[in-house]
Amino acid sequence: EDQVTQSPEALRLQEGESSSLNCSYTVSGLRGLFWYRQDPGKGPEFLFTLYSAGEEKEKERLKATLTKKESFLHITAPKPEDSATYLCAVQALRTDKLIFGTGTRLQVFP
Amino acid sequence: DAGVIQSPRHEVTEMGQEVTLRCKPISGHDYLFWYRQTMMRGLELLIYFNNNVPIDDSGMPEDRFSAKMPNASFSTLKIQPSEPRDSAVYFCASSLPNQPQHFGDGTRLSIL
């Protein structure tokens, strides 16, 4: 069964304190791994898609990496506006469905 | 550029009543997805459509739930009769083939 586990559940960082969020997955053939950001009262907002082990993508202070078993979302020198829940999802081959993890709630305080 | 539009944003109703949630996907998107989000279970796919045809409804909890997509610009998710355990945030998302899904801002449903 395809499965996604995210850790930690919650993370508190001081502004400027870099850290990483983890997404471990099992899937019967990976078509893509997705990272989304969700703000309170809003829908998930797409950040990145990764397709194969070794791939990396960057956007401002965020960098996503992928191995055969997990993905990391690295946050460099975070700011309070980076506070949100970060969701990871996988899509298996031959399907259009996404399987989501339960997310990491990130708080960055000044 | 309009995103996915969902209505209503909030719905409070009594147990046993019929609830209808509405979604307008992004114009031109072939795929439409309905999700439910709760604290305990996170974001779960209920059903998705391709070109207005339901493809996979294996996530629909039970017969009380039904979804339709009468045309490319409109979909509904109906719960009849509603129960307190149906309380959650329901999201609609749409996408092009092999492209990321774009989500609406959801409907927060409370069943008393």
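Each chain gets a letter, A, B and so on, in the order the sequences are listed, and its residues count up from 1. It should be emphasised that the depicted structure is a prediction, and the values quoted were computed from it without experimental measurement.
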If hydrophobic clusters are built from ILVMFWY residues whose side chains come within less than 4.5 Å, do [X] and [Y] share one?
X      : Y     : answer
B:I111 : B:L77 : yes
B:Y31  : B:Y35 : yes
A:L50  : A:L62 : yes
A:I99  : A:F48 : yes
B:M69  : B:L21 : yes

message = Could you check whether any side-chain N or O of B:D105 sits under 3.5 Å from a backbone N or O of A:G43, counting only pairs where one atom can act as donor and the other as acceptor?
response =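 Judged by distance alone, yes, a pair lies under 3.5 Å.
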Heavy-atom contacts under 4.5 Å, residues 20-40 of chain A to chain B =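 Those residues of residues 20-40 of chain A which have a heavy atom under 4.5 Å from chain B are A:R31, A:F34, A:Y36, A:Q38.
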ask   = With a 4.5 angstrom heavy-atom cut-off, which part of B:Q37 approaches chain A: side chain, backbone, both or neither?
value =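 For B:Q37, the contact with chain A is made by the side chain alone.
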Proximity breakdown for B:S58 and chain A, heavy-atom pairs closer than 4.5 Å =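 Side chain only.
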Quick check on [X]: does its [atom1] atom have over 12 non-hydrogen neighbours (other residues, nucleotides or ligands) under 6.0 Å away?
X     : atom1 : value
A:K57 : NZ    : yes
B:E14 : CD    : no
A:E9  : CD    : no
B:N71 : CG    : yes

request  = Just jot down the side-chain contact (heavy atoms from CB on, under 4.5 Å) partners of B:H102, sequence neighbours excluded, or say none.
outcome  =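 B:I26, B:H29.
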query = Taking it one step at a time, do A:L98 and B:F33 satisfy side chain to side chain contact (heavy atoms under 4.5 Å, CB included)?
reply = CA-CA 10 Å; A:L98 292 183; B:F33 304 82; over 6 Å; no
Separation between NZ of A:K97 and CD1 of B:I55, rounded to the nearest 0.5 Å =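 One gets 12.0 Å once the value is rounded to the nearest 0.5 Å.
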task = Determine which pairs satisfy disulfide (SG to SG under 2.5 Å) with at least one residue from residues 38-71 of chain B, sequence neighbours left out, and list them in order.
result =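 As it turns out, there is no disulfide (SG to SG under 2.5 Å) pair with a partner in residues 38-71 of chain B once direct neighbours are skipped.
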task = Taking heavy atoms only and a threshold strictly under 4.5 Å, list by residue number the residues of residues 41-48 of chain B that touch chain A; give 'none' if the list is empty.
result =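 Heavy-atom contacts from residues 41-48 of chain B to chain A are B:R41, B:G42, B:L43, B:L45, B:Y48.
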